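Working notes, beginning with the structure itself.
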Amino acid sequence: MTYPGEGQDGTTPFPPHASDYDSSPGFAVPGFAAGQPNPGQFPQAHHPGGAPVPEQPLVVIGDITCTQNFVITPSGTCPIAGTQWAVNDMSVTTERMSQTGLVLALVGFFLVCFLSLLFLLMKERTTTGHVQVVVRGPNGFMHVANIPAHSPMTMNDVTGRVNYARTLAATV
């Protein structure tokens, strides 16, 4: 015996999707709250013709995604208009003598003497920490994203993305 939506072998060929259900007013889709976007989907904008069209992501900052009209985070979704953005650099770049340079200087000292001591000038830079991005929206909405910093350029990249998000918030 097979049930509706099952194949001949009794397995479901694909999981049901919200669009497979009736969209008449008052009909509730199982697992989805009324009026809320489906999980894993972007909010939808409406064209003048009335057909909903998903908004395209314009900038991604860590786990924050910005579209033309919305800020989408794991904490929730809010309109991009009126959002406030803050960026904090919590990374540290350290510089130390390279282990490779030290080994080359010691080995080369016996072969070339003083010229091999120039290998001691080799430096190694490491960056640790993260760049913190805080977005605050209307009605108490707030989300903090911590983006790992792998180089000193991470702060410049994140700042540029946040400035673009600020531009989007100001143009709406």
Side-chain angles (χ1 to χ4, degrees), residues 5 11-99 123-172:
T11 61
T12 305
F14 51 86
H17 189 268
S19 62
D20 296 336
Y21 294 98
D22 184 15
S23 60
S24 61
F27 182 82
V29 176
F32 299 104
Q36 296 295 320
N38 298 338
Q41 290 186 346
F42 292 108
Q44 296 182 348
H46 293 277
H47 279 301
V53 176
E55 290 192 14
Q56 297 297 318
L58 298 177
V59 65
V60 176
I61 309 163
D63 59 357
I64 302 170
T65 302
C66 297
T67 66
Q68 187 69 37
N69 298 307
F70 296 100
V71 175
I72 305 161
T73 68
S75 303
T77 301
C78 81
I80 198 166
T83 55
Q84 297 174 351
W85 298 81
V87 181
N88 299 314
D89 187 4
M90 298 188 171
S91 64
V92 176
T93 301
T94 58
E95 185 176 295
R96 63 181 187 151
M97 187 184 327
S98 172
Q99 290 181 350
K123 300 293 181 190
E124 182 178 283
R125 290 188 182 107
T126 56
T127 302
T128 57
H130 60 275
V131 176
Q132 183 182 61
V133 177
V134 180
V135 59
R136 288 184 178 89
N139 301 326
F141 176 84
M142 185 178 104
H143 181 74
V144 178
N146 292 316
I147 300 152
H150 300 290
S151 75
M153 296 304 295
T154 303
M155 180 63 181
N156 294 337
D157 178 50
V158 172
T159 302
R161 292 170 187 255
V162 168
N163 285 338
Y164 182 66
R166 288 176 179 152
T167 304
L168 289 174
T171 58
V172 173

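Values reported hereafter were calculated over all heavy atoms of this structure, with side chains retained and with hydrogens, waters and symmetry mates removed. Given the structure is predicted, the values throughout are model-derived calculations rather than measurements.
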Looking only at heavy atoms, what is the nearest atom pair of [X] and [Y], with distance?
X: Ile80; Y: Ala165; answer: CD1-O, 4.1 Å
X: Thr67; Y: Leu168; answer: O-CD1, 4.1 Å
X: Glu95; Y: Arg125; answer: OE1-NE, 3.0 Å
X: Trp85; Y: Cys66; answer: CH2-SG, 3.6 Å

Results of side chain to side chain donor-acceptor pair (under 3.5 Å) for Gln84 - residues two or more places apart only: none
Intermediate values then yes/no, side chain to side chain donor-acceptor pair (under 3.5 Å), Thr127 and Thr93: CA-CA 4 Å; Thr127 302; Thr93 301; 3.1 Å; yes
Rounded at 0.5 Å granularity, tell me how far [atom1] in [X] sits from [atom2] in [Y].
X: His130; Y: Met90; atom1: NE2; atom2: CE; result: 5.0 Å
X: Ile61; Y: Tyr164; atom1: CD1; atom2: OH; result: 10.5 Å
X: Lys123; Y: Met97; atom1: NZ; atom2: CE; result: 5.5 Å
X: Arg166; Y: Thr171; atom1: CZ; atom2: OG1; result: 14.5 Å

Test item: Thr167 side-chain N/O and Asn163 main-chain N/O as donor-acceptor pair under 3.5 Å: yes
Could you give the side-chain donor-acceptor pairs of residues 136-150 under 3.5 Å, partners two or more places apart or in another chain?
unit_1	atom_1	unit_2	atom_2	d
His143	ND1	Ser75	OG	2.7
His143	NE2	Asp63	OD1	3.1
His143	NE2	Asp63	OD2	3.3

For Asp89, all residues meeting salt bridge (charged side-chain N to carboxylate O under 4.0 Å, His left out), sequence neighbours excluded: none
